[in-house]
Trainee: 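Structure in structure tokens, see below.
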Amino acid sequence: MNNTEYKRRRKHLMQIMGEDAVAILPAALVRMRNRDAEFQYRQDSDFHYVTGFDEPEAVAVLVPGREHGEYILFCRENDKKMEIWNGPRAGQDGAIKDYAADDSFPIDDIDDILPGLLENKEKVYYTMGVHPDFDQRVIKWVNRLREQSRMGVHTPGEFVALDHQLHDMRLYKSAAEVKVMRKAAQISAQAHIRAMQFSKPGIYEYQLEGELLHSFIQQGARFPAYSSIVGGGKNGCILHYVENRDTLKEGELVLIDAGAELECYAADISRTFPVNGKFSKEQRALYDIVLAAQYAAIEQVKPGNHWNDPHEAAIKVITQGLIDIGILKGKLETNIKKEKYKDFYMHRTGHWLGMDVHDVGDYKVDDEWRVLEPGMVLTVEPGLYISSDHEKVAKKWHNIGIRIEDDVLVTKDGHDVLSKDAPKDADEIEALMVG
Ligand code: GLY
Ligand code: MN
Ligand code: MN
């Protein structure tokens, strides 16, 4: 993504804010994993969205209408010694030259400079409650101004939740964002294909995870967007199974939910396939219900439909499917009304997807489901999970967990499945696994 994209975002945000406001966005903190070892640093999504700047210890400030520049980036100073250990820093020159900041100051000077930027402004756009320590500093800066009120300094009177405006912007993906998301989905699809080809009875779940990660990294996506789920047999019925430590057995299905992160954008794909490459009769029957539900749900992804339309379509197909094979009894309408499907399909059909795997953006507006619009990206991920706890269900259906998940862009005319390279028709999967 280039600076033009970030500039456009800042401009848009500043237009929404108006000239009597200041926005403050802190970078993500460095978190310690254990003594002297850090967790891999991942920039805060909002901060990255506005700046494209991926160093820690930074604060972006937007001051619409400021004469000496509207975009100020506080960041670490260049430090030859530290840079030998930890690599180059942009420093103040780099912030201006490479990241298009109008002005840049050392992060260590922020307490002296920031109150002055708030002076004579009415509103402070800031997201409270995410970084508690930083919240205290923002309050301190405002209080610093209050102390000077007798000298005629005006203190901002209003704190506004920045995330609401920003997250609405993030919900609508630009062409540049779609390009990265498509690439993240393509990389992830190739990784799923690799896992299918590698699968055989007797290997460990983590070995398939290893194939996925290997494939992500080989294709330039260094990290998964979330912890990969590789669950064989009964583990496929545990929605958030991430232990990935059991062996994959002959005759079982394996459910993989894994997606790469690329340039801070997530893919989120689930595929379910037979460990040995051949579906049993029961597995195939349930699989085809989930697949039909997924196709029906994806069909509902188009401008003008609302957020819940895909879910309602999926529920209908799944409930009818469960009636057809005798797991549910009675009429379709009654089963749906009584939510009987929830014993076997207990999650929703999707979520927004973007920089965060469960991305930001409201699902309802004024208490009504949000209408889908071009540029939104969502997952469509129906499933069926029949663990052996379902004593009233015939044993032949037990320990079958299935989820099929794709990443779907709403387009002007309908939708585009970004993750379409990952095979999902049962015959296609079997053919691939034989090969
Ligand atoms: N991988 C998390 C989800 O599917 O929502
Ligand atoms: Mn998902
Ligand atoms: Mn998923």
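Whatever order the structure lists ligands and atoms in, that order sets their numbers, starting from 1.
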Trainee: Would you say ligand 1 has an N or O under 3.5 Å from any N or O of E381?
Mentor: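 Right, the criterion is met.
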Trainee: Please list, in number order, the atoms of ligand 1 under 4.0 Å from a heavy atom of E405.
Mentor: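 Ligand 1 atoms under the 4.0 Å threshold to E405: 4 (O).
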Trainee: When you measure from the side chain of T379 to the backbone of E381, do you find a donor-acceptor pair of N or O atoms at a distance under 3.5 Å?
Mentor: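 No, because the side chain of T379 does not come within donor-acceptor range (under 3.5 Å) of the backbone of E381.
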Trainee: At a 4.0 Å cut-off, with the gap strictly under it, does some heavy atom of V357 reach an atom of ligand 1?
Mentor: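 No heavy atom of V357 comes that close to ligand 1.
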Trainee: Quick check on the 6.0 Å ring-centre criterion: do H347 and Y385 meet it?
Mentor: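 Centroid separation for H347 and Y385: below 6.0 Å.
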Trainee: Judged by atom type as modelled, is there a donor-acceptor pair below 3.5 Å linking the side chain of D406 to the main-chain atoms of L418?
Mentor: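 No, because the side chain of D406 does not come within donor-acceptor range (under 3.5 Å) of the backbone of L418.
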Trainee: For atom 3 (C) of ligand 1, grab the closest protein heavy atom and report residue, atom and distance to one decimal in Å.
Mentor: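 Looking only at protein heavy atoms, the one closest to atom 3 (C) of ligand 1 is D268 OD2, 3.3 Å.
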Trainee: Measure the distance from atom 5 (O) of ligand 1 to every protein heavy atom, then report the residue, atom name and distance (to 0.1 Å) of the closest one.
Mentor: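 For atom 5 (O) of ligand 1, the nearest protein heavy atom is H358 NE2, 2.6 Å.
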Trainee: Determine which of the N, O or S atoms in D268 is closest to the Mn ion (ligand 3) and give its atom name.
Mentor: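 Nearest N/O/S atom of D268: OD1.
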Trainee: Is there an N/O/S atom in H351 that lies less than 2.8 Å from the Mn ion (ligand 2)?
Mentor: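 Yes, since at least one N, O or S atom of H351 sits under 2.8 Å from the Mn ion (ligand 2).
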Trainee: If you check every N/O/S atom of E381, which is the one nearest the Mn ion (ligand 2)?
Mentor: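 Nearest N/O/S atom: OE2.
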Trainee: Is the Mn ion (ligand 2) under 2.8 Å from any N, O or S atom of E405?
Mentor: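 Here the distance criterion (N, O or S atom, under 2.8 Å) is met by E405, so yes.
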Trainee: Got a donor-acceptor contact below 3.5 angstrom from the E205 side chain to the D246 backbone?
Mentor: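 Yes; at least one donor-acceptor contact below 3.5 Å.
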Trainee: Decide yes or no on salt bridge (charged side-chain N to carboxylate O under 4.0 Å, His left out) for R42 and E261, but give the supporting numbers first.
Mentor: CA-CA 11 Å; R42 162 59 155 78; E261 180 174 287; 2.9 Å; yes
Trainee: As a check for students: among L353, I269, D257, identify the option with a heavy atom nearest to atom 1 (N) of ligand 1.
Mentor: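 Checking each option, the heavy atom nearest atom 1 (N) of ligand 1 is found in D257.
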Trainee: Any idea which heavy atoms bring N335 and K329 closest together, and the distance?
Mentor: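 Smallest interatomic distance, heavy atoms only, reads ND2-O, 3.0 Å.
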Trainee: Would you say S45 and D356 are linked by a side-chain donor-acceptor pair, where the criterion is simply a distance under 3.5 Å?
Mentor: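 Indeed, the side chains of D356 and S45 share at least one donor-acceptor pair under 3.5 Å.
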